Amino acid sequence: MHLLSARQAPSDTGEAAVDLAQRPAELVILSAAESELACLAAAHARLPLPKPDLRLANLLQLQHPLSVDLYVERTLAEARLVVVRLLGGRGYWPYGVEQLVLNARATGSALALLPGDDRPDPELAALSTVPRETLDLLHRYFLHGGIDNAGAALASLGDRIGYPASPPPPRALPKAGIYRAPDADGRPVAALVFYRALVQSGDLALVEAIVAGLAEVGLDCLALYVAGLKDAEAASIVEAALAAHDAAIVLNLTGFAVSTPGAAASATPFTASGRPVLQLVAASGGEAAWRDGNSGLGPRDLAMSVALPEIDGRLLTRAVSFKGDPVTDEATEITLSRYAPVPDRIAWVAALAKAWVDLARTPPEERRIAIVLANYPNRDGRLANGVGLDTPESAIQVL
């Protein structure tokens with residue numbers, strides 16, 4: 001049987017057997033959410049010594065029965081506590097659950113099987129060997145997410161296996177909130193809106209790079225995280241923040257649209273501000289493949305971050321980050337990919353944002369604006385051709 005190397009195994013290995021080749025550890029956590037695993041790795045690095053030895057693994061790499069057998073035999077051999085987050089319940093990973101339950105019985109290790117969403121799972125709870133109150137506590141830590149909750153969860157788990165700790169209780173992360181408030185030093189404020197998942201995973205290098213890029217061109221950044229723009233609670237928080245800080249422009253890193261294609265335009269959290277909304281793209285693929293290819297962004301990115309956002313009237317800029325090369329966290333022995341910001345592309349977007357702000361502050365009689373209409377296919381009757389769009393009429397409305 002062909003066995004893939006752990007360091008080269010793709011996350012969607014399907015039926016291929018994978019040997020993760022992780023050394024044994026006293027604490028092991030499995031999840032199918034890479035963002036969650038990345039957050040746990042970062043939280044573990046912040047824990048003070050002494051702390052439990054930790055291994056993290058992606059369930060997507062443990063789909064083949066042989067992969068599970070190898071992992072149980074080699075990595076869980078000395079585990080004192082194993083935690084699994086299962087979206088979809090026991091049916092999502094039946095063989096794995098079965099083998100982990102048998103391993104817990106054979107070795108006397110503790111096993112916590114947690115649902116991957118906010119719904120209780122009595123079947124997983126019944127198969128676990130830790131008290132119900134411990135399961136509920138861990139579930140809430142993971143459900144709320146974020147590096148603080150991840151650190152508290154690890155401290156709580158460590159406390160159960162001989163590393164005394166008094167972690168704080170789970171702290172809910174709101175549907176939306178301010179990640180960074182403006183300095184209020186007189187510079188124009190540019191609002192940056194991004195997914196709450198980046199806060200939950202601790203994958204914030206892209207956000208920090210954009211904040212720095214805006215500062216380079218003289219813009220003060222208001223950074224806001226959201227669960228999604230369609231969420232009513234999140235939308236109201238964003239709208240209020242834009243008004244309170246008098247944002248001069250909005251840069252948006254979330255995908256999709258609030259409006260429905262083919263229907264009348266819906267109000268968005270940005271509508272009341274009346275400011276231009278620049279759409280940024282955090283590409284889901286790698287930078288090298290994008291640069292070497294000749295087709296630009298992939299279908300998923302085109303749909304989520306280009307086509308659909310245009311329905312809300314957002315102005316496309318360009319991709320400002322790509323998935324970075326996989327890097328192995330030596331402490332937890334998991335290989336992860338994070339967003340890798342591209343400095344020159346962020347600088348370009350920051351300069352564009354500043355140009356829009358400057359244009360708005362220029363008296364109307366001093367503005368010089370051009371409207372460029374495409375003429376392809378090159379027939380006079382197809383001037384500014386747009387599939388399903390009346391582009392000439394749109395130009396008249398702009399004028």
Side-chain angles (χ1 to χ4, degrees), residues 2-14 16-64 66-85 93 96 100 142 145-147 150-151 153-155 157-158 197-209 282-290 321-342:
H2 181 63
L3 193 62
L4 295 178
S5 164
R7 299 300 182 221
Q8 298 174 348
S11 60
D12 56 347
T13 52
V18 177
D19 181 6
L20 296 185
Q22 291 182 345
R23 294 171 298 161
E26 50 194 340
L27 176 59
V28 179
I29 302 178
L30 310 177
S31 171
E34 184 168 289
S35 60
E36 187 169 82
L37 294 167
C39 187
L40 287 165
H44 182 258
R46 289 171 41 169
L47 284 181
L49 295 173
K51 57 185 175 183
D53 199 18
L54 172 67
R55 296 292 174 266
L56 299 171
N58 195 320
L59 286 172
L60 296 179
Q61 293 182 317
L62 295 172
Q63 296 300 298
H64 196 287
L66 177 57
S67 302
V68 175
D69 292 343
L70 288 169
Y71 198 75
V72 170
E73 177 184 345
R74 298 179 180 180
T75 306
L76 303 187
E78 300 173 17
R80 299 172 61 191
L81 177 54
V82 179
V83 179
V84 185
R85 282 263 286 168
W93 198 48
L100 263 61
F142 284 106
I147 197 164
L154 291 175
L157 291 167
L198 297 182
V199 176
Q200 290 177 305
S201 66
D203 192 359
L204 292 160
L206 172 57
V207 172
E208 294 293 349
S284 59
E287 182 179 358
W290 173 80
S321 75
F322 297 86
K323 273 292 187 177
D325 294 332
V327 176
T328 299
D329 179 66
E330 298 301 330
T332 60
E333 299 188 10
I334 187 171
T335 301
L336 299 163
S337 295
R338 288 173 169 264
Y339 286 112
V342 184

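What you see is a predicted model, and the numbers here were worked out from it, not measured in a lab. All residue numbers refer to positions in the sequence shown, counting from 1. We use all heavy atoms of the structure for the numbers below, so side chains are in, but hydrogens, waters and symmetry mates are not.
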Can you measure from [atom1] ([X]) to [atom2] ([Y]) and round to the nearest 0.5 angstrom?
{"X": "Cys39", "Y": "Leu198", "atom1": "SG", "atom2": "CG", "value": "11.5 Å"}
{"X": "Glu287", "Y": "Asp325", "atom1": "CD", "atom2": "CG", "value": "9.0 Å"}
{"X": "Glu36", "Y": "Leu56", "atom1": "CD", "atom2": "CG", "value": "10.0 Å"}
{"X": "Leu54", "Y": "Leu47", "atom1": "CG", "atom2": "CG", "value": "9.0 Å"}
{"X": "Ile334", "Y": "Glu330", "atom1": "CD1", "atom2": "CD", "value": "12.5 Å"}
{"X": "His44", "Y": "Thr332", "atom1": "NE2", "atom2": "OG1", "value": "7.5 Å"}

Contacts of Asp53 meeting salt bridge (Lys or Arg N to Asp or Glu O under 4.0 Å) (sequence neighbours excluded), chain-then-number -> Arg55
Could you work out, with ring-ring contact (aromatic ring centres under 6.0 Å, His included) as the rule, every residue matching Tyr71, not counting sequence neighbours? none
Please name all residues satisfying ring-ring contact (aromatic ring centres under 6.0 Å, His included) with Trp93, sequence neighbours left out, ordered by chain then number.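 Not a single residue meets the ring-ring contact (aromatic ring centres under 6.0 Å, His included) criterion with Trp93.
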Side chain of Ser201, backbone of Ala197: donor and acceptor closer than 3.5 Å? yes
Would you confirm whether Gln200, through its side chain, and Ser35, through its main-chain N or O, come within 3.5 Å as a donor-acceptor pair?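 Checking the backbone N and O of Ser35 against the side chain of Gln200, no donor-acceptor pair under 3.5 Å is found.
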Where is the tightest heavy-atom contact between [X] and [Y], given as atom of each residue plus distance?
{"X": "Ala32", "Y": "Leu59", "answer": "N-CD1, 4.0 Å"}
{"X": "Leu206", "Y": "Ala282", "answer": "CD2-CB, 4.0 Å"}
{"X": "Leu62", "Y": "Val68", "answer": "O-CG2, 3.4 Å"}
{"X": "Tyr339", "Y": "Ala283", "answer": "CE2-O, 4.0 Å"}
{"X": "Ala42", "Y": "Arg338", "answer": "CB-NH2, 4.3 Å"}
{"X": "Ala205", "Y": "Pro341", "answer": "O-CG, 3.9 Å"}

Between Leu336 and Glu34, is the side-chain contact (heavy atoms from CB on, under 4.5 Å) condition met? List the steps. CA-CA 7 Å; Leu336 299 163; Glu34 184 168 289; 3.6 Å; yes
Considering residues at least two apart in sequence or located in another chain, which fulfil the side chain to side chain donor-acceptor pair (under 3.5 Å) criterion with Ser284?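 Listed in chain order: Asp301.
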Residues that Asp203 engages under side chain to side chain donor-acceptor pair (under 3.5 Å), provided they are two or more places apart: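 Expected list: none.
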With the side chain counted from C-beta on, respond yes when Val207 and Val199 share a heavy-atom pair under 4.5 Å apart, and no when they do not. no
List, one per line, each side-chain donor-acceptor pair under 3.5 Å for residues 75-84, sequence neighbours excluded.
unit_1: Thr75; atom_1: OG1; unit_2: Gln22; atom_2: O; d: 2.9
unit_1: Arg80; atom_1: NH1; unit_2: Ile161; atom_2: O; d: 2.7
unit_1: Arg80; atom_1: NH2; unit_2: Ile161; atom_2: O; d: 3.0

